[in-house]
Amino acid sequence: MFNKILIANRGEIACRVAATCRRLGITSVAVYSDADAGAKHVAACDEAVHIGGATAAESYLRAERIVEAARASGAQAVHPGYGFLSENEDFARACEQAGIVFIGPPVTAIAAMGSKAAAKALMHAAAVPLVPGYHGDDQDAQLLQREADAIGYPVLLKASAGGGGKGMRVVERSADFAAALASCKREAASSFGNDRVLIEKYLTRPRHVEVQVFADRHGGAVYLFDRDCSVQRRHQKVLEEAPAPGLPAELRRAMGEAAVAAARAVNYVGAGTVEFIMTGGDFYFMEMNTRLQVEHPVTEMVTGLDLVEWQLRVAADEPLPLAQEQLALTGHAIEARIYAEHPARGFLPSTGTLRHLRMPEGVEFIVGEGGERAPVRIDSGVREGDTITPYYDPMIAKLIVWGPTRDEALARMHRALQGCEVVGPHTNVEFLQRIVTSEPFSTGDLDTGLIERHHDALFAPAKKPFREALALACAALLAREGGAAQSASPWDGLSHWRLNGGYTQTLAWRDVDNDSTFDATFARDSLGAGTQTLAHAGTVDAFTWWRGSNAHEFGATLGDARVTGRVFADGDTFHVFCRGAALAFEWQNVLAHAADVEHGEGRLTAPMPGKVIAVLVEAGATVEKGTPLIVMEAMKMEHTIGAPSAGVVEEVLYAVGDQVADGAQLLTLKVE
Ligand code: ADP
């Protein structure tokens, strides 16, 4: 076994690998960019090497620099994590040439799986089932059209060198084929420098089911069962679980064996994932990922194994720790990926400092020794106070739960999500909660169209404990403004609220979720007998409040209901977490608010740091509310900025190609 390895990655996966190193007594070396000098993964490792600037191209993608860092630090092996250089043949080769073990498959296996068409030819030879289709060398347009007609519509065109869904086109009718082919080839050429395509039968309502495989250098190869990753948005996984629900034992075995055959066909070594697309009881090879997957923890939870430990052992030439007959599934595990993003705005990434970050109680990273399972596991690469930047993937954490049955795991996930509190960037926590509690997910009726098909229900306005949260926000504001001590009356020290012997005070609030304003009025009767009321939107409730054991804990009674929760004030915005929901109320501090309005009018600002990729209007243009004005790109995603109201564009302040900071004013609009 190695005694020192370098981890060529960042974020949660670097922390994850470091945790196994720690347990096995292996010294770990981190690499970091300018943006990551204070990052959690640097602290998680024993040593660290600075490798360059903030962008991935200047740091985590610099193969030579990383190999050099490994050599200089005396590491015997490099763990590439996932993403970045993990499936890069040149990097794997450079490690080998420097006499450093690449913890992954041989270069030849990475290369064999790099082209979808070539991989399919290999899989066909190994008798692994393929989606009916065409993946031949002859790319003559008329031949492709005839093949598509023979397969039967709808068909799916894919770029052979593709990834990330780029170039993919669904073609519904023969008449549309030629145009779709031209467009697929254009996108493939510009994205991958290679316009080769393949055609597949387009399956309706398929499931994405993948199999974890492992192989060693001694002829051993096993499957560690399956995962269902059907719940996707933008072809990116959101919720994953193991085992795939509802697979009969024979089907599970058949898929496992097909995956092992796929691995053997390319002389695979190490951890790999064979992705299948499934309809009914039929499954077809889609692609093989030649690395550890983001969702590997669900497999660890149901097998009780540490997959990173297996990777290290195999890379150190040891045989696989267990044979197929020794592997068993216990219970059910589900992973939810918590992202800094705006689900309601097309899942646009959100950036900013994590001003408050609280995860439910659970263990970090590791499956218990001896296969003991924790009910909740959290894999996170950030801490409170860290910043989600536009440079890297905006994942905050992976929340993984285990239960003896799927229903019990689901119940734990529901509860665990209620325990996730984030103030700073927007997150998908509420969206995850909705999927988890939705009818198709909770009954295990999974397919890749789940989010789209249930869009209206998943994005409908949430029913939240509004009155209770408002009571807590009021309590926190009263505590702050009144400087009240624990359980003291907020009315003390606020003599200017006195009226006719009683007290009344009206606070103006903005409900941040719905961008609506309202008033809440407090009163205590003139006898001073202590009866307080909170009035809002026609309701009047008896009201008392108190402080909990720490600075952010508050409690209140509102009529007959008693509520406790946590409140975090970010300036005048009060973020309230209670009854499993997150709400935010902005106190309309009259003076501060007047200044905001003055500055905000007619201005359009960048919602995130990024690059301007299109300017759609010129100065002088008359626009309607919603007219697209500027397109920005950040984190490889496009975002269109529309006019907030009708008006005339006065000045455009940035041009195509300009880099803009978060909140930068992009243009000025004279509102009509
Ligand atoms: P990429 O490598 O670009 O991500 P994949 O081949 O892995 O492309 O496919 C990505 C996703 O597209 C799959 O998870 C599935 O949801 C969908 N998909 C792929 N092939 C088909 C098909 N033949 N029919 C229906 N959906 C498909």
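What you see below is based on every heavy atom in this structure, not just the backbone, and it leaves out hydrogens, waters and symmetry mates. As the structure lists them, so they are numbered: ligands from 1, and atoms in each ligand from 1.
Counting the atoms of ligand 1 from 1 in the order shown, those under 4.0 Å from a heavy atom of Y202 are 24 (N), 25 (C), 26 (N). Remark: ligand 1 atoms within the under-4.0 Å shell around heavy atoms of E287 are 2 (O), 7 (O). Atoms of ligand 1 found under 4.0 Å from any heavy atom of K201 (numbered from 1 in listed order, with element): 22 (C), 23 (N), 24 (N). Taking every heavy atom of Q232 and a limit of under 4.0 angstrom, the matching atoms of ligand 1 come to 14 (O), 16 (O). Annotation for ligand 1: atoms under 4.0 Å from non-hydrogen atoms of H208 are 14 (O). Remark: ligand 1 atoms within the under-4.0 Å shell around heavy atoms of L156 are 19 (C), 20 (N), 21 (C), 22 (C), 23 (N), 27 (C). Ligand-side atoms of ligand 1 in range of M168: 12 (O), range being under 4.0 angstrom from any heavy atom.
By the neighbour-count criterion of 12 heavy atoms within 6.0 Å, atom CD of E64 is sparsely surrounded, having that number or fewer from other residues, nucleotides or ligands.
Using a 4.5 Å heavy-atom cutoff, the side chains of N289 and E275 are in contact.
Both the sub-6.0 Å distance and the 45° axial angle are satisfied by R406 relative to the ring of F441. Cation-pi check for R10 over Y392 is met; the charged atom lies under 6.0 angstrom from the ring centroid and within 45 degrees of its normal.
Of all protein heavy atoms, the one closest to atom 24 (N) of ligand 1 is L203 N, 2.9 Å. Remark: minimum distance from atom 9 (O) of ligand 1 to any protein heavy atom is reached at M286 SD, 4.0 Å. Here the protein heavy atom with the shortest distance to atom 20 (N) of ligand 1 is K158 NZ, 3.0 Å. Nearest protein heavy-atom neighbour of atom 27 (C) of ligand 1: I277 CD1, 3.3 Å. Considering only non-hydrogen protein atoms, atom 11 (C) of ligand 1 sits nearest to H235 ND1, 3.5 Å. Atom 3 (O) of ligand 1 has as its closest protein heavy atom G165 N, 2.6 Å.
Side-chain contact check for H296 and Q212: no donor-acceptor pair (N or O, by modelled atom type) lies under 3.5 Å.
Taking only non-hydrogen atoms, the option from K116, K237, E200 nearest to atom 8 (O) of ligand 1 is K116.
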Criterion salt bridge (charged side-chain N to carboxylate O under 4.0 Å, His left out) on R93 and D90, from CA distance to verdict: CA-CA 5 Å; R93 199 176 295 113; D90 296 336; 3.1 Å; yes

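Using a 4.0 Å cut-off between charged side-chain N and carboxylate O, K158 and E287 make no salt bridge. Remark: E187 engages R169 in a salt bridge, criterion side-chain N to carboxylate O under 4.0 Å. The existence of a salt bridge linking D226 and R253 is excluded, since no basic side-chain nitrogen approaches an acidic carboxylate oxygen closer than 4.0 Å.
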